[in-house]
2 protein chains.
Amino acid sequence: MAVNPTLYDVAREAGVSLATASRALNGSTRVVREDYRVRVLAAAERLGYTANLSAQAVARGTSSVVALLVSDIADPYFAAIAAGVTRAAAAAGLTVSMAVTERDAALEISHVRMLRGQRPRAIILAGSRFADERDRETLVAELESYRASGGSVALISQHELPFDSVSIDNSGGSAALARELVRLGYRGFGILAGPAELLTARDRSDAFAAALPSPPLAVVHGAFSRDAGYAGMLELLDSGTAGLDAVFAVNDVMAIGALAALRDRGVAPGTIAVAGFDDVSIAADVTPPLTTVHVDLEAAGAAAVALALDDAPSPTVVDVPAHVVIRASTPGR
Amino acid sequence: MAVNPTLYDVAREAGVSLATASRALNGSTRVVREDYRVRVLAAAERLGYTANLSAQAVARGTSSVVALLVSDIADPYFAAIAAGVTRAAAAAGLTVSMAVTERDAALEISHVRMLRGQRPRAIILAGSRFADERDRETLVAELESYRASGGSVALISQHELPFDSVSIDNSGGSAALARELVRLGYRGFGILAGPAELLTARDRSDAFAAALPSPPLAVVHGAFSRDAGYAGMLELLDSGTAGLDAVFAVNDVMAIGALAALRDRGVAPGTIAVAGFDDVSIAADVTPPLTTVHVDLEAAGAAAVALALDDAPSPTVVDVPAHVVIRASTPGR
DNA sequence: CTGTTAGCGCCTTCAA
DNA sequence: TTGAAGGCGCTAACAG
């Protein structure tokens, strides 16, 4: 069970001091004479040396990790964000450490505490939820003291908190979608609104409703998941709402569930239009291809790390545009 | 810019020694008198103390992170695995640090080196590829020396390497699928085989072909992606292969691309059957619902961390079963 | 059971 | 430019 070679081993092998080895290997401002540098590098190579990042972090007082907290990594929405975050982090020479909240506020808080222990350079939160006002305050306090201790935090789609955030244009996109559907001739709308306490869901639902010429026929709440979309659509169908001809699900995953419900109930394609939000990668490949609001989620993730790493004064928000994509799931009347 | 409180601060605040504070906060074998314990905990709470994990790692000589390396986190296959890994890691009180190889062998190697710097308790590799024999050897050497230094490695779907691995039953599942399709009356098969150098892809393709009564009509290689599935199906269509009535794509993502190609080419549904592999979550929601081979990817991810954390002698492999799921994309003749 | 005191691996003044 | 030495935050003997 050989142990990892330490910097000391490398220095000895190269016949130089610890300090010189350190300077040669992990770029410091100071310059090392070329032949020494070469010798150190060779020794490191020979020994298979890799700097112990923990030790570096302790010594430098600053680590090279960015912590990412998502609700559910198996959800394509978060997966896309994570892809953007990892890409941007890698480009910046940072390592990403990930935790999953399982959509549970308490878990979210405890994970933030855990993550703080890593003294990450930045904490990125995607999809937080605040069922409870006290939970929310606890979280904010936790994040605030993290920031006070030198870290930076970036939120995705959570612009109402006092932190940097990348704001997806939920309202604008939803309103544009509503207008577009009206233009296509739809009149009787149902909304699969998702969780009432989730800001993102509420923004989408509210903006959509507000952009309609008359109030929606029905609004049903539920989880943010495929199955909830399925159940919601069934509920809509069973409620016997008269004149229902289009349903807006506040995200694609729910919309896909809704489509499945329509199919299972034998509702003829085209009878009830369905639209989603996010333009998740499979949206174009379901049948009928899903009308939705496109958002570059990967860019949002990348933007979040950029935001966290820059040193602009803190509550700055960058906008990620959203634009309507009409596909066959809303054929027009 | 207040700095993070250290254990020393907590000890002082509580009026005890550093050692006592350490013992009270971070469970050691030693017991601390109750009133001291309470005082320390209170002080820590008051100060908002969180242990510096890096420092702990340095002092203990062992960290609490498990490193996960995937090809592409936005791919549902890897997203599901990552979900399993994070769940199992969280349950074990470990933190997961993730890196993405972008399906690039060189990047994979350099990331493994990076990750080693974190001195993780375990490294989990999903979806490695070895285009080049030398790359492969480099990787193996790197992993071997990591293991020699006390870490454990677990591979997913890569059983031919000398490490612990969770083996998805690619061959068995593919063969069963082939038999099932034959039973349904299909006779003229095409295979969208994915990358020739990817073991997983090859196993699936080969086993499927071998289980057929007569050789497949056509085998086309390409990337492991939706777009490659699309292109591959087009190629099959354009080649004018006579008698083609079923296509096996070695993963669901490709199969979905293939389905899209069929649709875009106006091939009547049911004319050419399509089957995939993995039973990714949207597989049941595309149209027609996709016949595929179900694999519990999340369980595979969880199994990988279990494997890495146990202390059984090393090259042990755990099998994850795969079973055929017939859906409407292969209606039978 | 508690406190003192070496380290853990690395970085970074500070002299030389 | 180099090396010696102190320190980062924490743990783990080791005495008391």
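Just so we're on the same page: letters track the sequence lines, and every chain starts at 1.
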Exercise. Under 4.0 Å between any heavy atoms, over every strand shown, what does Ala51(A) touch: base, sugar-phosphate, or nothing? Just pick one.
Key: sugar-phosphate
Quiz prompt | Tyr49(B)/Asp9(B) under side-chain contact (heavy atoms from CB on, under 4.5 Å): CA gap, chis, key distance, verdict | solution = CA-CA 9 Å; Tyr49(B) 171 79; Asp9(B) 298 326; over 6 Å; no
Self-check item: Carboxylate-amine/guanidinium proximity below 4.0 Å for Glu160(B) and Arg136(B)
Solution: yes
Quiz item: So, are Arg147(A) and Glu144(A) salt-bridged, with charged N and O less than 4.0 Å apart?
Solution: yes
Exercise. Could you work out which one of dG3(C), dG3(D), dC10(C) sits closest to the side chain of Ala19(A)?
Key: dG3(D)
Quiz item: Among the nucleotides dC8(D), dT2(C), dG3(D), which one has an atom lying closest to any side-chain atom of Val32(B)?
Solution: dT2(C)
Quiz item: Which nucleotide sits closest to the side chain of Ser17(A): dG3(D), dT11(D), dC11(C)?
Solution: dG3(D)
Quiz item: Any donor-acceptor pair under 3.5 Å joining the side chain of Arg60(A) to the base of dG9(C)?
Solution: no
Quiz prompt | Donor/acceptor link under 3.5 angstrom from Arg23(A) side chain onto base of dG3(D) | solution = yes
Quiz item: If you check the Gln56(A) side chain, which of dG3(D), dG3(C), dC11(C) turns out closest?
Solution: dC11(C)
Self-check item: Which nucleotide in dC11(C), dC1(C), dT11(D) has an atom nearest any side-chain atom of Ser22(A)
Solution: dC11(C)
Quiz item: Salt bridge between Glu137(B) and Arg134(B), side-chain N to carboxylate O under 4.0 Å?
Solution: no
Practice problem: Figure out the CG/P separation between Leu18(B) and dA13(D), and round it to whole Å. | Solution: 16 Å
Practice problem: Measure from CG on Asn4(B) to P on dG9(D) and round the result to the nearest Å. | Solution: 9 Å
